[in-house]
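Here's the structure we're looking at; comments come further down.
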2 protein chains.
Amino acid sequence: MRGHKASILADDNLRRYTPPSPGNSGSTLEALAAVTRYRRGQEIRSPRSPAESWYRVVIGVVGRCAVRAGGRRQIVDLLLPGDFFFDSMPPVDQHCSVEAVVEGTVVACYSRERAERLAAFDPDVAHEIRDMTAAITWRLEEQILILGRTTATKKIGCFLLKMAERCSKSETDKNRMALPISRYDIADHLAISVETVSRSLTELKQRGAIALAGTRQIRIVDRAALDDED
Amino acid sequence: MRGHKASILADDNLRRYTPPSPGNSGSTLEALAAVTRYRRGQEIRSPRSPAESWYRVVIGVVGRCAVRAGGRRQIVDLLLPGDFFFDSMPPVDQHCSVEAVVEGTVVACYSRERAERLAAFDPDVAHEIRDMTAAITWRLEEQILILGRTTATKKIGCFLLKMAERCSKSETDKNRMALPISRYDIADHLAISVETVSRSLTELKQRGAIALAGTRQIRIVDRAALDDED
DNA sequence: CGCTAGCTTGAGCCTACTCAACACGGGTGG
DNA sequence: CCACCCGTGTTGAGTAGGCTCAAGCTAGCG
C-alpha cells in the first residue's frame, strides 16, 4: 500500500502477507510489541498493562465475542493472521470478551498510548493506523452483509468465499482452504445453529458448489453458486 | 468529548447549516466543508471532487446501502446528525451507495486529503479523527449484535433502544422518540420484511413494552422487555 | 476400551417470509 | 370540491426455512 516506507506496526518477521518493505532498522513501535501464545478458548488480555492496547494476530484465530444472558455466544469479529484489533469498550448490557479460537494462537500486543505518541510525530504511522482501522470497518461491514442474507445456505456460502479469500492470501490455489475453525464457531459467527451449519454444508456439497475432504478441507468448485444472490 | 478544547470537525456553525464563508479566519477545516442538502432517496456524492471524502450528517438521516442482485436493499449503516462517515470502497460483487433516507437531509463534506494534511500538523485533529472512526466501528458492532438476535421482535426492541439513545441526545425525555425513518427502512436495516416489522411493533405495543402515538411517535415503557435476552 | 468433542442426520414445531387485501393520508388533476 | 393515485402501514392465510430435541457417528485420547 504505502510502498516505499517500511511498515512499522507490521513487522515482516511476524506478518505473513506483508508487502515487501526492507531496510527497516530500529523500529520503535515493534520493540514495544509483546508477543503471547494462547490456548484455545483463553481470554486475550494485555500482558503488560490493563490500559487500552492494540493487537495483531500472528498465528491462529482470534474471536471478539459477546456473550448474552441466555448463554448464547456471538463472534462479532473473526481475526486471522495479519488482522489488527483493539480493546473494545464493553457494551453496557452484555458481556464482551476477546478469546483465542484455535489452539496455539499467537498475538502481538502494542501499547496504545505510546503508539499514539509515535503517530503524533510520524504522519506515516498515523496514516497506517487509519488504514488498519479502515480494514476493521471493512470486515465488520462484510459481516453485516453476510448476516443480512436471507437463508442460512447463502450465509454459509458467502462466509466460505470470504474465508477462502482471507485464508489463501499469496497461496497457489485460491479455491482450496483449510477451514481453521469448528462448525460451532461458524455457528456463533453467523448467528445460526450448529445443525443448520452442517446441513448447509452438506447441501452445498450435494449441489456441487463445494467439495469436502474430511471436515475442514474445503475446495470451492462453483463460486457463482456460493454468492448466488436472492 | 475532548474536554476544554473545541471540536474542530464538529463545529456548531455547521450544525446551524452555515455555508462556509471564504476568507474566514476561523477553523481551517471548517472552511473546507461543503454543505449540501439532499432530497429523500438521493445519492450522496462529493460535490467538489470524485476523490475520497469525509462526511458528517448535519440534519436528517443518511443510509449506507448495499443493493443485491435480487433488488433487495440492505442499509448497512444508519447515520444520524453528528455521525461521520466515509466514502467506502465498493464491494466487488454488490453495488454500494450512500443515500439520504429522509427528505431534506443536510450533509457536510470534507476533503479527505486536506483533512489528513491538517491532522499531520495537529495531533488533536488526528485524535479526533481516531475517535470518529472508533464511533463508526462501534455502530457497526452494535448492528452486528442486533442482526445476531434470534427473533425479529428482539431485533426491533434492541433497535428501538439504540435509536432512542441516539435520537434523544441532550433531550429531556429519553423514553420519547420521533422515529425518523419508515418501516420499510427499518426492514432494510434489520434485514427483515416490512410486515414483520409492523407485526413486531404491534406485539411490543400489546405487550406493554412501548406506546405508539401515530406511527412515528414512540414512547418506551418497559426497557427490560425490549432488551430481553434469550 | 470407554470417554469426550466434533460433526451429521432426522422429526416436529415455531418463526418469518410471501402473497394478498385493506386502511389511511397527502398529493394532484379533473 | 371530489376522485383518484401513490406511498405508507397494518393484518390475515399459507408456506418454507431454521431451531430444538434427540439420536448416532467418527476420531482422538487417556
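Since the model is a prediction, treat every value here as computed from it, not as a measurement. Throughout, a chain's letter reflects where its sequence line sits, starting with A, and its residues are numbered from 1.
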May I ask you to verify if any side-chain N or O of [X] is less than 4.0 angstrom from the OP1 or OP2 atom of [N]?
| X | N | value |
| --- | --- | --- |
| Thr196(B) | dA16(C) | no |
| Thr202(A) | dT8(C) | no |
| Thr150(A) | dG17(D) | no |

Take atom [atom1] of [X] and atom [atom2] of [N], then tell me their distance rounded to the nearest Å.
| X | N | atom1 | atom2 | answer |
| --- | --- | --- | --- | --- |
| Arg199(B) | dA16(C) | CZ | P | 10 Å |
| Glu203(B) | dC14(C) | CD | C1' | 13 Å |
| Lys154(A) | dG18(D) | NZ | P | 10 Å |
| Leu212(A) | dG6(C) | CG | P | 18 Å |
| Arg149(B) | dC19(D) | CZ | C1' | 17 Å |
| Ile192(B) | dT15(C) | CD1 | C1' | 12 Å |
| Ile156(B) | dT10(D) | CD1 | C1' | 14 Å |
| Arg72(B) | dC17(C) | CZ | C1' | 9 Å |

So do [Y] and [X] actually touch side chain to side chain, heavy atoms under 4.5 Å?
| X | Y | answer |
| --- | --- | --- |
| Lys162(B) | Arg139(B) | no |
| Thr105(A) | Val107(A) | yes |
| Tyr38(B) | Glu103(B) | no |

Salt-bridge contact Asp188(A)-Arg183(A) (side-chain N to carboxylate O under 4.0 Å)
no

When you check the gap from the basic side-chain N to the acidic O, do Arg56(A) and Asp83(A) get nearer than 4.0 Å?
no

Exercise answer: donor-acceptor pairs, residues 213-224 of chain A side-chain atoms, under 3.5 Å, sequence neighbours excluded:
from      : atom 1 : to        : atom 2 : distance (Å)
Asp222(A) : OD1    : Ala224(A) : N      : 3.2
Asp222(A) : OD1    : Ala225(A) : N      : 3.4
Arg223(A) : NH1    : Asn175(A) : OD1    : 2.4

Heavy-atom closest pair (Arg68(A) atom, Leu145(B) atom, distance to 0.1 Å) is NH2-O, 2.9 Å

Over all heavy atoms of both residues, which pair between Leu78(A) and Gly63(A) is shortest? Give the atoms and the distance, please.
CD1-CA, 4.5 Å

Strand contacts (DNA chain C) in residues 178-190 of chain A, 4.0 angstrom heavy-atom criterion:
Ser182(A), Arg183(A), Tyr184(A)

Contact check, residues 215-223 of chain A vs DNA chain C, heavy-atom distance under 4.0 Å, returns Thr215(A), Arg216(A)

From the set [options], return the single nucleotide nearest to any side-chain atom of [X].
| X | options | value |
| --- | --- | --- |
| Ser198(A) | dC7(C), dT10(D), dC17(C) | dC7(C) |
| Arg40(A) | dT20(D), dG6(C), dG12(D) | dG6(C) |
| Glu195(B) | dA16(C), dA11(C), dC19(C) | dC19(C) |

Can you tell me if Glu43(B) and Ser97(B) form a side-chain donor-acceptor pair at under 3.5 Å?
no

Check the angle between the aromatic planes of Phe159(A) and His189(A) and answer parallel, tilted or perpendicular using the 30° and 60° thresholds.
perpendicular

Would you indicate what Leu201(A) reaches in the nucleic acid, counting non-hydrogen atoms under 4.0 angstrom: base, sugar-phosphate, or nothing?
nothing

